[in-house]
Structure formats: C-alpha cells, structure tokens
Amino acid sequence: MFADAARVRGRAASVAAHSDQPSLARRQGHTDRPRLGILALVVTTVALLALVAPGLAPYDPRLSVAAPLQAPGPAHWLGTNDIGQDVLSQWLYAARATLTLALTVTTLATALAWGAGLLAGLSARAEAPIVAAIDLLLALPALPVYMLVLTLIGPSQLHVALMLGLLGWPAFARVVRAQVIATRAAPYVEAARCLGASPIRIARTHISPATLAVFPAHLVLTLRFAVFAEATLAFLGLGDPSLSSWGAMLGWAFANPLLFTSSAWTWLVLPPALGIAALLLVGGLSATARPED
Amino acid sequence: MTRLLLRYASLALAVVALNFILPRLLPGDPLDASTPDGLGSAVSTLTTDTRARLRATYHLDQPLAAQLVSYASDLARGDLGWSISRDAPVGQLIAARLPWTLALVLSSLLLAAALGGTLGLISAWQRGWVDRWLTPASTLLAALPEFLVAMTLLLVLAVGLHWFPLQGGRSAFAGDGILDVIWHLTLPALTLVLATTAGFMLLARGAVLGVRNEPYLVAARAKGLSETAVALRHAAPNAALPILTLFAVRLGHVLGGALVVERVFAVPGLGLLAFEAVRARDYPVLQAIFLLASLGVLCAMFALELLYRRLNPRHVR
C-alpha cells in the first residue's frame with residue numbers, strides 16, 4: 001500500500017540500470033521537478049503550529065478538562081472527546097508529533113538509502129548483499145511487517161520513527177544505485193580515471209554529486225510516506241498512546257461503536273481528517289509532476 | 001529460469017527465517033515481568049514452576065537451533081501456531097476469514113485495474129475533458145490514505161443517505177443471504193475501487209504518454225489504421241507492463257487483507273483479524289499473516305517475472 005508506487009518505480013529503475021532502453025523511471029517522474037514552493041509553505045505552517053502549539057493550545061491535551069462529548073462552544077472551540085479531553089488542544093499538539101516523526105524518518109531513511117545506494121553502485125563486494133537486502137525488504141508487504149514489529153517492540157513514538165526509517169530506505173537506494181551505475185560509465189568519470197584520480201576521489205567529487213539530482217523528488221515522497229504511514233498506523237492503534245496525533249484521534253473516535261448515533265462525529269472525526277487530508281494532498285500535489293507534453 | 005527460481009526460493013527462505021528470528025531478535029521477553037511488554041503484570045503472579053512449564057511449552061528453554069528445527073517442522077506440516085487471545089489454531093482462524101477478504105479484495109482489484117487502465121488510456125490518448133478532470137481527481141485520490149476515502153463514503157452514503165449499512169459483514173438474524181452480504185460489502189469494495197483505480201489510471205496514463213510519439217505508432221497510422229485501432233492494438237499493449245506490475249504487486253498483497261478498509265467497515269476478513277490481533281498483542285496470528293502476505297507477494301512477483309519474459313523478450317538478460 002505504502003510502497004506500491006516506490007516498488008513499481010524501483011523495479012523500473014533496476015530494469016533501467018541493466019538495459020539500454022529509455023528508462024521508465026525517467027519517463028514517469030524523475031525528470032519532473034516537484035513544486036517545492038507549495039510544500040515549503042505547508043511544512044512551514046505545520047512547523048509553526050508545532051512550535052507554538054503549547055502557547056496556542058488552551059488546555060493540556062492529555063487531561064480530561066470537561067464533561068465528555070461536549071459540542072463545540074466558547075470554552076471548547078472544537079468540543080471535547082469521549083473522556084473529556086479538549087479536541088482543539090489535541091489537534092494542535094498532533095501537528096507537532098507529525099512533524100517530528102516525519103523529519104526523523106526522512107533523515108534516517110535518506111541517509112541509509114544514499115549510503116547503501118552509493119556503496120552498492122561503487123563497490124563490487126558490497127553490491128550483492130545490499131541488492132539482496134533491497135530485494136528482500138521490497139518484497140515484504142509493508143503493513144503486516146509494521147504491525148508485527150510494533151506489536152513485538154511496543155508502539156512508542158521513537159519505535160515508530162526508527163522502524164519506518166530503518167525499513168523505508170530500499171526504494172530510493174535502488175534509484176541512487178541506478179544513478180551511480182549510469183554515472184560511473186560517463187566519459188568525464190572515465191577521463192578522471194585516466195588522469196589517475198583515486199577511486200575515493202572519483203566517488204567523492206564526480207559520482208556522489210551526480211546523485212543529488214534525484215534528492216528533491218525523493219525528499220517530498222519520503223515526507224509524504226512518513227505522514228501517511230504514521231496516520232495509518234496511529235489509526236490502527238499502533239501509535240504512541242501518550243501522544244495525540246491526527247491518525248490516533250481518528251482511531252480513538254472509531255473505537256466507539258456508537259460514534260455515528262449522535263452528532264459527535266462532526267467534531268471528533270472532521271478536524272483530524274481535514275488535517276491529514278490537507279497535509280497529504282498538498283504534499284501529493286507538490287510531488288506530482290506537471291503533465292508532460 | 002533456474003536462476004530466477006533460485007532467487008525467489010532464497011527470498012522465500014529468507015522470509016521464513018525472518019519470521020522466526022524477528023520475535024527473538026527484538027527486545028522484550030513475554031515471561032519477564034520487569035519489561036513493560038509481553039504478558040506484563042500477569043507474569044509476576046506466575047510461580048517459577050508455571051513459568052518453566054510455559055517456557056517448555058513454547059520450546060523457549062531449548063537452544064536456538066532446536067527452536068528453529070521445531071518451528072520449521074511445524075510449518076512444514078501446515079501448523080501456523082496457536083492463537084493467544086482466541087485459544088484456537090491460527091490456521092483455522094485464517095481459513096474462516098479468508099473468503100471475506102478474497103471476495104472483497106479480488107473483486108475490487110479486478111474492477112479497478114480494468115477501469116483504471118481504460119480511463120488512463122482514454123485520458124492519455126484524447127487529452128480532452130477526461131484528462132482535464134480525471135487526472136487531477138486521481139492525483140487527489142491517490143494522495144489520500146484509504147481510511148479517509150472510506151470515512152468520506154461512510155459519512156455520505158451510510159450516515160447521511162442511509163443507503164448502505166454502517167458496518168459488519170451481514171445483518172444480524174438475517175440468515176446468510178448472498179444479497180445481504182453483497183449489500184454489506186458494497187461500501188468497502190467501492191472504497192478499494194476508488195483508491196486503487198486512481199493509481200492504475202495515473203500509471204496507465206503515464207505509460208501511454210510515454211509511447212505516444214514512438215515511430216511505430218506513426219507507422220501504424222501511415223498504414224491507414226484508425227486512431228482507435230492505433231490506440232488499442234499498438235499503444236495499449238506496449239504500455240501494459242507497468243499496469244501488469246502494479247496488478248501483480250496488489251494481487252500479492254491480497255493475503256495481507258485490506259486492513260484499513262476492513263477496520264473502518266468492520267468486515268470480518270483477514271485485515272480485521274490482524275487488527276484484533278494487534279489489540280490483543282496476539283503475535284502468533286500476526287506472524288502467520290505476515291508470513292502468508294510475504295509469500296503471497298513473492299509468488300505474485302515470481303509469476304510476474306515469468307510473464308515479463310513472455311510479453312517482452314527484451315527483458316531476458
């Protein structure tokens with residue numbers, strides 16, 4: 001579910017690395033630059049929300065501060081949930097949880113993917129084990145793996161971030177490796193080799209800069225993946241129980257079988273759903289290419 | 001061919017080994033009261049004697065190699081373990097849930113692939129109103145998590161319009177009429193179709209756009225073929241590989257269940273079983289689902305590679 005697109009893309013990239021046909025990856029997405037402007041705006045907004053959440057939030061999101069299931073009113077702008085917590089405060093703190101998680105996962109996954117991709121493309125000895133690991137990790141179905149691992153180690157925010165980061169690198173590592181393989185045969189690299197440059201110097205000054213071109217699109221996709229995965233896991237009850245996140249708020253709301261028998265869903269379901277939708281839609285739009293003609 | 005088979009066999013072995021090692025590798029001991037996970041506070045009430053007996057039951061007192069042997073022999077006999085929370089064999093639980101998931105996921109996958117492929121072809125070929133409206137709509141749909149799509153449908157069609165039931169697989173006391181089941185499965189299937197069609201459509205559109213200016217299409221037109229014939233006979237088959245890839249990936253995931261959708265609509269399939277297992281920390285069930293889902297993906301990918309060779313001999317290397 002999370003990795004479908006990445007998988008198809010990764011497969012295309014691996015085919016491209018071995019054949020001389022025009023690559024699918026290049027045709028479908030990697031020539032297109034993401035619209036970083038919109039994304040920057042949204043990330044800045046969420047970052048601001050995350051930073052000022054403690055100042056803005058009228059109540060402590062973890063405490064029951066009023067009667068349960070109160071409708072929105074002057075004291076509680078978005079009402080209260082079934083144990084009397086203030087929904088607005090939870091909503092604001094959720095932005096903070098989402099952003100920290102997304103940034104941690106992206107940093108970790110990118111660093112791993114870049115290192116592994118470079119190594120697999122440059123070192124003949126490291127190539128086979130890394131490619132095998134990539135194949136294995138890409139073959140695992142994402143959600144069942146996440147559920148099994150989180151059930152075994154217990155869902156805390158740190159565990160979720162570590163798990164997504166440590167399992168989320170293979171698709172991009174493949175792209176980096178394909179890029180390295182394409183670059184290392186380029187005439188200027190050959191020229192450098194003829195001039196007597198050491199393998200390390202070639203890797204550092206000639207090959208690794210060439211991999212930077214695929215970074216912007218990847219960063220957007222990984223941020224989106226992290227938000228998407230966290231929301232889904234939290235909705236399924238695999239988020240940090242002590243932190244409010246938008247997915248968790250939805251999960252808590254759906255845990256009540258009588259949710260739809262009153263109008264409480266309007267303030268329990270809509271605010272977190274809109275938060276997730278806004279973040280993912282803008283992330284998705286900025287990641288998709290302009291239609292190519 | 002042999003190399004391919006070897007590669008997939010070793011991947012399958014790796015998955016089985018991972019399934020064995022993962023719980024033993026990760027921190028936490030179910031019978032250690034000092035850790036917050038496992039059986040937790042209940043453990044401290046157990047006598048040393050009971051604890052030793054539990055360890056013996058699950059072979060936890062034996063060396064790792066012996067554990068691996070007993071695990072592998074159980075697996076070879078089709079024994080997937082014993083559920084902690086339901087006190088029943090895991091295989092039996094899964095067999096009871098499988099028909100629901102298969103009916104729901106397979107029907108919506110087939111529908112979505114056909115629909116998405118057709119729409120993608122039309123929108124890439126005609127570039128008219130279909131492209132103008134459907135492409136942004138699909139981009140939006142593909143960007144949303146399934147549970148949001150599911151909730152929107154639930155709110156509009158079930159809560160608002162009362163056209164469909166809120167949740168469940170069949171009405172209480174209604175017997176087992178097939179129409180009743182279909183009525184209950186419509187919303188979850190619709191969610192899956194919407195969410196999946198978007199991906200198929202964007203992929204088909206991209207693939208067809210990619211071949212639109214190829215010389216062989218010019219040649220086909222030069223022969224005097226109509227635009228429709230060019231699109232259907234020459235462009236579509238050459239753009240079919242990505243669609244096939246996505247279809248195989250999705251097909252492989254069928255055994256994982258449609259977790260999110262089954263949770264929202266409380267469809268009693270594999271996904272809901274996994275969700276309930278998470279709630280109860282019933283990891284034998286989760287392990288079995290993980291194993292089945294991974295092997296399913298591997299089988300699907302293997303079939304795909306074989307098909308690739310038939311459809312596009314250039315891929316053989």
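Below, chains carry the letters A, B, ... as their sequence lines are ordered, and counting in each starts from 1.
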Taking the side chain as every heavy atom from C-beta outward, state whether A:Leu250 and B:Met151 have any atom pair closer than 4.5 Å. yes

Would you say A:Pro144 and B:Ser294 make side-chain contact, with heavy atoms under 4.5 Å? no

Contact part of B:Leu18 toward chain A, heavy-atom cut-off under 4.5 Å: side chain, backbone, both or neither? side chain

Taking it one step at a time, do A:Leu148 and B:Asn19 satisfy side chain to side chain contact (heavy atoms under 4.5 Å, CB included)? CA-CA 10 Å; A:Leu148 181 59; B:Asn19 198 29; 4.2 Å; yes

Heavy atoms only, distances under 4.5 angstrom: which of B:Ala14, B:Ala293, B:Ala248 has the most pairs with chain A? Name it, please. B:Ala293

Heavy-atom closest pair (B:Leu148 atom, A:Ala273 atom, distance to 0.1 Å) is CD2-CB, 3.5 Å

Proximity breakdown for A:Leu238 and chain B, heavy-atom pairs closer than 4.5 Å: side chain

Which value, rounded to the nearest 0.5 Å, describes the distance between B:Leu259 atom CG and A:Phe235 atom CZ? 10.5 Å

Nearest non-hydrogen partners of A:Leu236 and B:Phe275, listed with the distance: O-CE1, 3.1 Å

Restricting to non-hydrogen atoms, name the atom on A:Asp135 and the atom on B:Leu11 that form the minimum distance, rounded to 0.1 Å. C-CD2, 4.2 Å

Flag side-chain contact, heavy atom, 4.5 Å: A:Leu140 against B:Val15: yes

